[in-house]
Amino acid sequence: MQLTTEELRNLLAEKDREIAELKHQSGAPEDNWKATYDIISSLEKYKTEEVLFYAAQILGEEMGSKNMAIYTVANREYARLYSSTSLEARKLGNSIKYVAMGELYDELKAGRIYVNESNDENRPALAHAIYAEEDIRVILMFWDVSKEKHGVSPVKRLTVIETLLQKTLLHASRYMSNFRRKNYLEGTNVLNEDTFRVLLKAFLEAKERGLTECALVEFEMGYRDYKSISLQAACKIRLTDYMGVLNGGNFYILLANTDIKSAEIVQGRFQAIGFKTILKDVQYKDL
């Protein structure tokens with residue numbers, strides 16, 4: 001699901017107004033912000049399920065950061081890593097209890113950009129939250145930033161960029177939150193084949209570009225069907241993992257933000273409840 005032509009036209013018109021105002025506020029050369037605007041607008045070419053992957057890459061480039069991560073909020077206490085540009089950017093792990101992060105959380109809760117003034121190596125250089133009404137929905141973390149880009153401070157630069165990207169990121173976050181229930185096979189929590197293939201391709205391509213980790217687990221079904229398998233397997237995976245079918249009804253699970261070592265641990269859980277599985281080495285170009 002991508003933005004309609006009318007939605008895109010309205011969004012770009014609003015961005016034109018915003019960038020004009022922000023260029024005036026920042027005092028940076030107009031050509032610099034036009035280049036930024038053009039790069040950020042390039043996110044519109046991606047499918048909605050791809051946006052949060054490539055936003056990490058684009059935000060990192062625009063902030064002069066090689067180590068950038070995007071977390072999406074799972075509930076009012078925890079956020080899950082969605083995409084990142086490096087191993088360093090993933091140092092806090094796949095799941096963070098953001099409400100327990102002290103000063104960082106206090107700043108995000110107050111709607112301000114967190115600045116790591118103490119140079120704490122366990123905190124990002126900058127962090128910013130994107131809100132939907134009263135709730136934090138997306139957290140942006142930059143572990144390093146350039147001080148010499150566009151002729152403005154990193155904080156002001158991030159304010160400009162986040163303003164331009166806010167609606168796009170929120171739209172993508174909401175879309176992914178509702179992705180499952182709109183595409184389930186009837187009576188199950190299993191994605192239909194067409195939808196699962198699209199999602200898997202997006203994850204695998206992002207993985208190849210170094211923007212995420214993921215693993216695909218194939219189940220030996222035996223006499224079972226995907227409905228019965230999914231009921232047992234669901235309790236052994238996270239809310240951010242995806243169950244689906246491919247190749248005419250064979251059952252698979254996509255483990256998001258999971259490396260091979262962690263995937264093997266999950267396989268052990270499946271084995272403990274009687275399932276044989278294999279890790280599939282699939283390239284997005286094969287789908």
Side-chain angles (χ1 to χ4, degrees), residues 3 11-12 15 18-19 22-23 26 28 32-73 79-92 94 96 98 104 107-108 111-116 123-132 136-176 202-203 205-207 209-213 257:
L3 294 174
L11 182 61
L12 291 176
K15 284 184 178 178
E18 290 171 345
I19 196 68
L22 290 166
K23 282 187 296 189
S26 70
N32 285 346
W33 285 120
K34 184 181 185 303
T36 296
Y37 173 59
D38 290 343
I39 291 170
I40 290 175
S41 294
S42 70
L43 264 181
E44 306 294 353
K45 72 182 181 183
Y46 294 107
K47 296 177 181 178
T48 311
E49 64 269 12
E50 299 173 326
V51 165
L52 291 175
F53 291 130
Y54 298 101
Q57 185 177 41
I58 288 174
L59 280 163
E61 290 171 356
E62 285 306 299
M63 289 297 294
S65 174
K66 295 180 179 179
N67 307 293
M68 191 273 160
I70 294 178
Y71 285 81
T72 55
V73 171
R80 293 288 305 179
L81 180 66
Y82 196 94
S83 61
S84 58
T85 59
S86 70
L87 184 62
E88 173 70 13
R90 298 191 284 273
K91 68 188 296 181
L92 291 181
N94 288 335
I96 58 172
Y98 64 95
L104 188 151
E107 291 296 285
L108 299 186
R112 296 188 292 263
I113 293 175
Y114 165 78
V115 180
N116 187 353
R123 292 290 183 265
L126 294 179
H128 196 25
I130 295 178
Y131 276 79
I136 295 175
R137 293 296 298 269
V138 178
I139 300 174
L140 313 175
M141 293 190 181
F142 302 86
W143 291 84
D144 61 314
V145 290
S146 167
K147 296 181 180 179
E148 303 298 332
K149 198 169 179 70
H150 300 310
V152 298
S153 72
V155 170
K156 185 170 286 188
R157 195 184 322 146
L158 180 55
T159 301
V160 172
I161 293 169
E162 184 274 332
T163 300
L164 295 176
L165 273 180
Q166 182 182 41
K167 288 188 177 180
T168 301
L169 295 182
L170 278 179
H171 176 78
S173 175
R174 287 179 176 134
Y175 174 81
M176 294 309 298
F203 268 84
E205 185 168 5
K207 177 182 178 180
R209 295 174 184 270
L211 299 173
T212 193
E213 291 279 357
N257 277 298

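Quick caveat: nothing in here was measured; it's all calculated off a predicted structure. The first residue in the sequence is number 1, and the count goes up from there.
- Here the shortest heavy-atom pairing between Ala202 and Glu49 reads CB-CG, 3.9 Å.
- Using a 3.5 Å distance cut-off with no hydrogens or angles, the side chains of Arg90 and Ser84 do pair a donor with an acceptor.
- Between Val73 and Val138, the closest side-chain pair of non-hydrogen atoms is not below 4.5 Å.
- For the atom pair Leu52 CG and Met176 CE, the distance stands at 7.5 Å (nearest 0.5 Å).
- The environment of NZ in Lys207 is crowded: more than 12 heavy-atom neighbours from other residues, nucleotides or ligands sit within 6.0 Å.
- Shortest non-hydrogen contact noted between Ala56 and Ile70 is N-CD1, 3.6 Å.
- For the residue pair Thr85/Asn67, the side-chain donor-acceptor check at 3.5 Å is not satisfied.
- A side-chain donor-acceptor contact under 3.5 Å links Glu50 to the backbone of Lys47.
- Side-chain contact between Tyr71 and Leu92 is present, with at least one heavy-atom pair separated by less than 4.5 Å.
- Contact detail for Ala69 and Leu81: the closest heavy-atom pair is CB-CD1, 3.9 Å.
- Taking the six-membered ring wherever Trp is involved, the centroid distance between the rings of Tyr46 and Phe53 does not fall below 6.0 Å.
- Residue Leu140 holds its CG atom at 4.5 Å from CD1 of Ile130, rounded to the nearest 0.5 Å.
- Checking side-chain atoms of Ser65 against main-chain N and O of Asp144 turns up a donor-acceptor pair under 3.5 Å.
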Take Glu88 and Lys91, measure what salt bridge (charged side-chain N to carboxylate O under 4.0 Å, His left out) needs, and give me the verdict at the end. CA-CA 5 Å; Glu88 173 70 13; Lys91 68 188 296 181; 3.4 Å; yes

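- Distance CG/Asn257 to OG/Ser83: 8.0 Å, rounded to 0.5 Å.
- Distance OH/Tyr54 to OG/Ser42: 12.0 Å, rounded to 0.5 Å.
- Closest heavy-atom contact between Asn116 and Arg123: ND2-O, 3.0 Å.
- Atom CD of Glu162 is separated from atom CD1 of Ile113 by 7.5 Å, given to the nearest 0.5 angstrom.
- To the nearest 0.5 Å, atoms CZ (Arg137) and OG (Ser173) are separated by 4.5 Å.
- When every heavy atom of Thr212 is checked against every heavy atom of Tyr82, the shortest pair comes out as OG1-O, 3.7 Å.
- Closest approach of Phe142 and Leu59 over heavy atoms only: CE2-O, 3.8 Å.
- In this structure the side chain of Ile139 reaches within 4.5 angstrom of the side chain of Tyr98, judged on heavy atoms.
- Side-chain N or O atoms of Arg174 include none that pairs as donor or acceptor with a backbone N or O of Ala132 at under 3.5 Å.
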Candidate pair Met141 and His128, rule side-chain contact (heavy atoms from CB on, under 4.5 Å), full reasoning: CA-CA 7 Å; Met141 293 190 181; His128 196 25; over 6 Å; no

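- Taking the side chain as every heavy atom from C-beta outward, Met63 and Pro154 approach each other to under 4.5 Å.
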